[in-house]
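This one's a predicted model, so the numbers in the text were calculated from it and none came from an experiment. The basis for the numbers below is simple: all heavy atoms, side chains too, and nothing from hydrogens, waters or symmetry mates. Both counts, for ligands and for their atoms, begin at 1 and track the order of listing.
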Amino acid sequence: MKVLGIETSCDETGVAVYDTDAGLRAHALYSQIALHAEYGGVVPELASRDHVRKLLPLVRQTLAEAGLSTSDLDGVAYTAGPGLVGALLVGAGVARSMAWALDVPAVAVHHMEGHLLAPLLEDDPVRGRPEPPFVALLVSGGHTQLVHVETIGQYRLLGETLDDAAGEAFDKTAKLMGLPYPGGPQLAALAEQGNPGVFRFARPMTDRPGLDFSFSGLKTQVLLAWQNSDRADQTRADIARGFEDAVVETLAIKCERALDAAGCDTLVVAGGVGANKRLRARLEETARKRGGRVSFPRPQFCTDNGAMIAFAGALRLQAGQHEDASVKVTPRWDM
Ligand code: KG4
Ligand code: ZN
């Protein structure tokens, strides 16, 4: 089965073809970062318009790279939510129209399910694919969740953030220290130059039982440290390092607790913050110590992309799920 996947929930236009026999055939991504940079964040109307401009050319490009034509497709999957409503509608409109014209099923995919399944998208040559049951840490700009995946499609929320998402905390902290948009990856790059231990921030909510998170207080601690500092370049890097270590340590502590609570030894990590090198290294260490396993998508598939949507859609279609012909999106949607 060959499934076209379309992702337009925020500021990346992602398209891919996943083949249930041959794996990922092709994928393409267009990032709108430059478009939104001067506003310091995503402008929803500009995002929708840019998806309109870029989506069909990307579909053509992806099919050409896969050596396929539209008539080879067995289904079209698209992100139906959560996300920006106008941006979602562009992907949904194109996906539904293509599915209708080609007389193949369309399947609405939950964006976070796409992220959650991304670690299963590509075979690990040594260890093979991680198989459920496992615990998934979803860490993106909009979500921070620990989910017990009993089987594909059966998800139990173990814990989540009570305020800012981890990626949002990275972005806001970067902004308050004057780093350009998008802040998360910039802050992580700056932390590479920072010394550990010069600034030590709290590991929020780790001193009591539970699997929920809270990152907004951390941001305030960084603001105070930054305002009271000499604001030299090295100080900024040291603060960035202190912040990153606090987030990474907090996430790692809660992952261990979640694995214990779920009785699992496999952890998968997905979402944009999953691209963070220090988080990856720290969780590898945790897995090694426990004799368990941690799997990440390649960094490119941690952030938004069409491949995870094509893959999640293919699994849903294989399970016989698809929808009627109406164009619907769900900007707010629990998985
Ligand atoms: O999953 P994603 O692409 O979009 C959402 O669905 O939110 O995640 C984007 C988030 C942003 O907050 C970004 O700052 C963060 O992931 N991010 C990172 C890194 N790369 C992306 N945060 C920390 N370190 C990184 N290397
Ligand atoms: Zn995302």
Inset, instruction - Could you tell me whether the side chain of Thr161 and the main chain of Asp164 form a donor-acceptor pair under 3.5 Å? - result: yes
Table please: side-chain donor-acceptor pairs of residues 180-202 below 3.5 Å, with sequence neighbours left out.
residue: Tyr181; atom: OH; partner: Asp11; partner atom: OD2; Å: 2.9
residue: Asn195; atom: ND2; partner: Asp238; partner atom: OD1; Å: 3.4

Inset, instruction - Closest by any non-hydrogen atom to atom 14 (O) of ligand 1: pick that one out of Leu138, Asp171, Asn276, Val42. - result: Asp171
Legend entry - Which of the ligand 1 atoms, numbered from 1, are nearer than 4.0 Å to a heavy atom of His111: 6 (O)
Legend entry - Contact check, Pro185 vs ligand 1, heavy-atom distance below 4.0 Å: yes
Inset, instruction - Answer yes or no: is there a side-chain heavy-atom contact under 4.5 Å between Asp304 and His111? - result: yes
Legend entry - ligand 1 N/O within reach of Gly272 N/O, cut-off under 3.5 Å: yes
Inset, instruction - Have a look at ligand 1 and work out which part of His115, if any, has a heavy atom under 4.0 Å from it: side chain, backbone, both or neither. - result: side chain
Inset, instruction - Decide yes or no for Gln321 and Leu317: does some side-chain heavy atom of the first lie under 4.5 Å from some side-chain heavy atom of the second? - result: no
Legend entry - Passing candidate, side chain to side chain contact (heavy atoms under 4.5 Å, CB included) with Val147, options Leu116, Val135, Leu158: Leu116
Legend entry - Asn276 (side chain) donor-acceptor with Arg278 (main chain) under 3.5 angstrom: yes
Inset, instruction - Look only at interatomic distance and state if Gly167 has a nitrogen or oxygen under 3.5 Å from any nitrogen or oxygen of ligand 1. - result: yes
Inset, instruction - Anything protein N, O or S sitting under 2.8 Å from the Zn ion (ligand 2): count it and give me the total. - result: 3
Inset, instruction - Would you check whether Gly142 reaches within less than 4.0 Å of ligand 1, judged by its heavy atoms? - result: yes
Legend entry - For Gly184, atoms of ligand 1 separated by under 4.0 Å from a heavy atom: 14 (O)
Legend entry - Main-chain N/O of Glu168 paired with Lys219 side-chain donor or acceptor, under 3.5 Å: no
Legend entry - Atoms of ligand 1 close to Thr303 [distance to a heavy atom under 4.0 angstrom, numbered from 1]: 3 (O)
Inset, instruction - Under 4.0 Å, heavy atoms only, figure out whether ligand 1 is touched by the backbone of His143, its side chain, both or neither. - result: neither
